[in-house]
Amino acid sequence: MTRKILVTSALPYANGSIHLGHLVEHIQTDIFVRFQRLMGNQCYYMCADDAHGTAIMLSAEKSKQKPEDYIYNIRKEHIQDFKAFNISHDHYYSTHSEENRILSEEIYLKAKQSGAITTKEIKQYYCEQTNLFLSDRFIKGRCPKCHEEDQYGDACEKCFHTYDATELKEPYSVYSGKKPVIKNSIHYFFKLSNFKDIINNWLQEGHVTDPVKNKLQEWLDVGLKDWDISRDAPYFGFRIPEETNKYFYVWLDAPIGYISTTKNWCDTTKKESFERIWKSKEYEIHHFIGKDILYFHTLFWPALLHVGGYQLPQKVNVHGFLTVNNEKMSKSRGTFILAKSYLKKLNPEFLRYYYASKLTSAIDDLDFSTKDFTNKINSDVLGKVINICSRLSAIIHKYGEGNISTIPSGAKNMLESIRSHRKKIENFYETLEFSKAMKEIMICADIANQFIDSEAPWSVAKSDTKYAIEICTAGINACRYIMIYLKPVLPNIVEGVEALLNNAPYKWNDLDTTIETQSIKTYHHLASRITLEEVEHIINM
RNA sequence: CGCGGGGUGGAGCAGUGGUAGCUUGUCGGGCUCAUAACCCGAAGGUCGCAGGUUCGAGUCCUGCCCCCGCUACCA
């Protein structure tokens, strides 16, 4: 049965470049997507830039651009970076779009109609220098409890006390450094508690892993608070319909970007009906997100979807953060790596493999260790896998004029044992246990190398060329299976193998077949070894 | 007593009651087809500490110690 799946990665914020952290998520998602397609499932991958909010407005101002131009350029750069890493988005759109405005308004108005929107007058700090209301993150001061300096408006990082921004001592605006004034403003709230049952039922249905479910259960038990979804002008975003000078908070229209991106893609390509994807149960919706935005995707998002008349997600997959050499990735620590810096020195396929070899379905953080990376790539990708291609094709061209023959009966066991890992690997890809999948595949590569070594076709060739080529034919078939296994992770390298072996693009079902009596091309390096120095060079470039 | 995650051979990890395992690194050997790669073998751990449950604990319970996240540019 062919499954129909729509997959998304969280929308990168259009206020900075893509870095190796973003790529954890996009590579994880892409491996899943490519695996589904390889299996013959209908799988579309949607993403977009999250283009609204105060931060973007201010960054645009700072660079003396209109926000529209600013986000246009960032998006262009994001698309380029993702493409370089072979991330196979079917569409990469923007939340600053007509479709997104219309859908956001629609969903909001439905929520309003259902009685889920309410207003409250709130007291908020206001910076008179910049004419901006200051959210918690944009105001600092002294903690009211322990008096620690330079604390944000929501909680103290020293004593963990949480408070209201207005309780801060000696507050100042992070924009101007000046003391802000308190101003009243009407804000619009989404009554999340109206959807408690919807969320709770959804949560019980196995759409998230157990640890995630436990975390969410905690939040539910504490009680669902109303969600502030409005911001005052000036703001870069969508105006709230039927109101003046009120804008949707960026987190309201951001996830709706998943839907509007699909809508734009459906309208443009006519490949599928938008309603069928988002409103029928024919499609499974799978979201991939980082642990920081779990709240939005598992509480607000199901509620918004429900009130908007859309189907709720089948899966919300949550991953951890990236650390670099076991430190938090940060500019000040000197552990920040941009996608662009990586690309200047290293093969993007290597990062895909490295992440795959470390990714699990858990929320654990993932470490990019320069030493470990170098070892793993040289040893697994080059030494174990690509080396099989390289050593066999050399013999085939030296002794067999570039033609493979038939698989000898003595090699059937070896091929069968490689094929016997198929179901396990399939299952590991499906359940996002990529590290386990890579381990299985490396076992297969070991089997192939051991076989080649024990049969020693290079010495057999001296007395029995025909049999030597048969051994190599078996070896090539082993190699081919391993490449099919790896295709979701290493699309480029595998494409090179398909070309080398004069084969059509592999599907998962090609694990049922063998190749015999045909020519193969001469081998050229599919990838090159790396040194620790090269890898270390990409940090803080 | 704020909450959560974790401490297993040099490094990175697997292992939820029954002879401690994998990858890498180190050392020795083999092969010479291959990108100093591949194959075989060896050394290396009282599984953070202390108690307890059990015929038996890395695995369960209790206490303690240590590290990390919950907080910036960030996902």
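Protein chains get the first letters and strands the later ones, always in sequence-line order, with residue 1 at the start of each.
A straight line from CG of A:Leu58 to C1' of B:C73 spans 15 Å, rounded to a whole angstrom. When rounded to the nearest whole Å, the span between CD1 of A:Ile289 and P of B:C74 equals 18 Å. The interatomic distance linking A:Asn375 (CG) with B:G10 (C1') rounds to 13 Å, in whole Å. Between A:Asp446 atom CG and B:C38 atom P the separation is 9 Å, expressed in whole Å. Going from atom CD1 of A:Ile471 over to atom P of B:C39 covers 17 Å, rounded to whole Å. In this structure, A:Arg391 places its CZ atom 12 Å from P of B:U32, rounding to the nearest Å. Taking atom CG on A:Leu392 and atom C1' on B:C33, their separation rounds to 8 Å, with Å as the unit. For the pair A:Asp380 CG and B:U23 P, the interatomic distance rounds to 10 Å; values are reported in whole Å.
Remark on RNA chain B: of its neighbouring residues A:Leu526 and A:Asp365, the 5'-side contact belongs to A:Leu526, judged by nearest-heavy-atom nucleotide. Of the two residues contacting RNA chain B, namely A:Lys436 and A:His19, the nearest-nucleotide position lying further toward the 5' end is that of A:Lys436.
Comparing the P positions of B:U35 and B:C27 gives a spacing of 24 Å, expressed to the nearest Å. When the P atom is compared between B:A14 and B:G48, the two are found 14 Å apart, to the nearest whole Å. B:G9 sits 25 Å from B:C64 when the P atoms are compared, rounded to a whole Å. Using C1' as the reference atom, B:G44 and B:U24 are 14 Å apart when rounded to the nearest Å. Nucleotides B:C47 and B:G10, compared at atom P, are 13 Å apart to the nearest Å. Separation of the C1' atoms belonging to B:U62 and B:A57 is 15 Å when rounded to the nearest angstrom. For the P atoms, the distance linking B:G58 with B:G52 amounts to 15 Å, nearest Å. To the nearest whole angstrom, the two P atoms, one in B:U54 and one in B:G12, are 37 Å apart.
For A:Trp458, counting side-chain heavy atoms from C-beta on, the closest listed nucleotide (B:G12, B:U35, B:U32) is B:U32. With B:C13, B:C33, B:U24 as the candidates, the nucleotide lying closest to the side chain of A:Ile395 is B:C33. Closest to the side chain of A:Gln450, from the set B:U24, B:U35, B:C39, is B:C39. Closest contact between the side chain of A:Asn387 and the listed nucleotides B:C38, B:C40, B:U35 involves B:C38. Picking from B:G69, B:G12, B:C33 the nucleotide with the shortest atom distance to the side chain of A:Lys358 gives B:G12. In this structure, the nucleotide among B:U35, B:U24, B:C13 sitting nearest to the side chain of A:Lys384 is B:U24. Comparing atom distances between the A:Tyr523 side chain and each of B:C39, B:G69, B:U35 picks out B:U35 as nearest. With distances taken from any side-chain atom of A:Asp372 to the nucleotides B:U35, B:U24, B:G12, the minimum falls on B:G12.
Proximity of A:Ser528 to the phosphate of B:U35: no side-chain N or O atom is located under 4.0 Å from OP1 or OP2.
In this structure, A:His319 reaches neither bases nor backbone, as no heavy-atom distance under 4.0 Å exists between it and the strands shown. Looking at heavy-atom distances under 4.0 Å, A:Ala10 makes no contact with the nucleic acid at all. Nucleic acid contact for A:Ala456: none, since no nucleic acid atom lies under 4.0 Å from a heavy atom of the residue. Residue contacts shown for A:Leu322 include a base, since a base heavy atom lies under 4.0 Å away. Residue A:Ile363 is out of contact with every strand shown, counting any heavy-atom pair closer than 4.0 Å.
Atom-to-atom distance recorded for A:Leu526:CG and A:Ile493:CD1 is 6.5 Å, nearest 0.5 angstrom. A:Leu366 contributes atom CG, which lies 9.0 Å from atom CD of A:Gln28 (distance to the nearest 0.5 angstrom).
Listed by chain and number, the residues in a salt bridge (Lys or Arg N to Asp or Glu O under 4.0 Å) with A:Lys424 are A:Glu440 (sequence neighbours excluded). Remark: A:Lys439 engages no residue in a salt bridge (Lys or Arg N to Asp or Glu O under 4.0 Å) (not counting sequence neighbours).
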Please table the atom pairs, donor to acceptor, closer than 3.5 Å between any side-chain atom in residues 379-388 of chain A and protein atoms at least two apart or in another chain.
unit_1, atom_1, unit_2, atom_2, d
A:Asp380, OD2, A:Tyr353, OH, 2.7

What donor-acceptor contacts under 3.5 angstrom involve side-chain atoms of residues 55-63 of chain A, with partners at least two apart or in another chain?
unit_1, atom_1, unit_2, atom_2, d
A:Ser59, OG, A:Asn15, OD1, 2.7
A:Ser59, OG, A:Ala55, O, 3.0
A:Ser63, OG, A:Ser59, O, 3.3
A:Ser63, OG, A:Ala60, O, 3.1
A:Ser63, OG, A:Gln65, NE2, 3.0

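Between A:Phe373 and A:Tyr342, the angle of the ring planes goes over 60°, which puts this pair in the perpendicular group of the 30/60° scheme. Between A:Tyr92 and A:Phe82, the two ring planes are tilted [angle within 30° to 60°].
Within the structure, the ring pair (Phe, Tyr, Trp, His ring centres under 6.0 Å) test picks out no pair touching residues 439-470 of chain A (sequence neighbours left out).
Scanning RNA chain B for stems, defined as runs of 3 or more consecutive Watson-Crick or G-U wobble pairs whose donor-acceptor distances all fall under 3.5 Å, gives the following ranges: B:2-7 with B:65-70, B:10-13 with B:21-24, B:26-30 with B:38-42, B:48-52 with B:60-64.
Between A:His525 and B:U35, a base-stacking contact is recorded: ring centres under 5.5 Å apart, planes less than 30° from parallel.
Remark: aromatic rings of A:His96 and A:Phe236 are close, center separation under 6.0 Å.
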